[in-house]
Amino acid sequence: MIRPPIHRRKRPRPWLAVALCLAALSACASPLRNHVATISNAVVVGADAGREATLAAYCDASMVALGRMGEYRNGRCAPVGPHAADDVSDEQRAELARVRAIWRPALVAHETLARSQRALADMLAASDALDADAALVAVGQLVSAYRELAAGARALGLQLPALTGVTQ
Amino acid sequence: MNWESGILLVLRLGVGIFEAIREGMAPAVVIKRARLILDDVEKIDADVDEVARPRTAEARRREEIEIE
């Protein structure tokens with residue numbers, strides 16, 4: 001006697017779906033792009049700490065020239081201290097112009113650093129096929145710009161932190 | 001498929017998904033921060049210029065009232 005074939009219902013296999021999703025994710029992710037992003041993140045986090053310190057010091061120096069103290073918070077520079085509401089004299093305005101001239105090289109270095117950071121960010125954002133050499137050059141330019149900023153800040157008596165993981 | 005290999009597969013998948021998410025998010029910091037650094041110096045200069053701006057006695061009184 002021939003038995004009729006048993007039609008069993010196929011059990012769902014969730015692990016198979018998860019494995020397929022993971023395979024798709026792995027296929028989409030570019031390891032090179034991610035490595036460059038990881039390196040650049042480390043550099044950017046360090047550079048940002050130095051940048052914030054520079055901007056805070058510049059804010060304070062500008063306000064000191066006007067006879068008050070400066071507080072840099074959330075990207076804004078506000079006068080603080082007992083003389084915050086005092087009038088500003090012409091001498092103080094002249095002192096402010098002098099301070100700005102002294103700070104100019106450090107601020108130019110800051111701008112260079114900002115441009116390098118933006119260039120790297122654009123490269124990473126638009127990289128379906130990332131050019132590894134170009135990306136590494138961009139990271140190198142970022143490090144170099146940070147060193148220029150650190151040198152400019154040092155000339156003003158401000159010691160910026162070294163970039164973690166970057167050979168000096 | 002026995003239960004040991006099942007557990008191993010789940011662990012591997014978990015690690016794989018974690019790595020994929022972590023690496024996928026990596027460019028976020030540099031891109032986000034790049035947006036934040038626009039015009040920082042110009043903003044400071046504008047804030048300081050506002051403090052240095054000559055004020056009439058009337059304007060100063062008004063500002064003091066606003067602060068209070």
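None of these values were measured; they are calculated from a predicted model. Atoms considered below: every heavy atom in the structure, side chains included; atoms not considered: hydrogens, waters and symmetry mates. Sequence lines set the chain letters: A, B, ... in the order given, protein chains first and strands last, and positions in each chain run from 1.
Put simply, B:I44 and A:V64 are part of two different groups of oily side chains (I, L, V, M, F, W, Y) that touch within less than 4.5 Å, one to the next.
A:A151 pairs by the side chain to side chain contact (heavy atoms under 4.5 Å, CB included) definition with A:R154, not counting sequence neighbours. Residues meeting the side chain to side chain contact (heavy atoms under 4.5 Å, CB included) test with A:A109, sequence neighbours left out: A:E148, A:L149.
Residues of residues 91-107 of chain A lying under 4.5 angstrom from chain B, judged on non-hydrogen atoms, are A:R93, A:L96, A:R100, A:L107 by number. Among the residues in residues 69-80 of chain A, those with a non-hydrogen atom closer than 4.5 angstrom to a non-hydrogen atom of chain B are A:Y72, A:G75, A:R76, A:C77, A:P79.
For chain B, the option among A:L120, A:T54, A:V88 with the highest count of heavy-atom pairs below 4.5 Å is A:V88.
The distance from atom SG of A:C59 to atom CG of B:D40, rounded to the nearest 0.5 Å, is 11.5 Å.
A 4.5 Å side-chain heavy-atom check between A:M63 and B:V51 finds at least one atom pair inside the cut-off.
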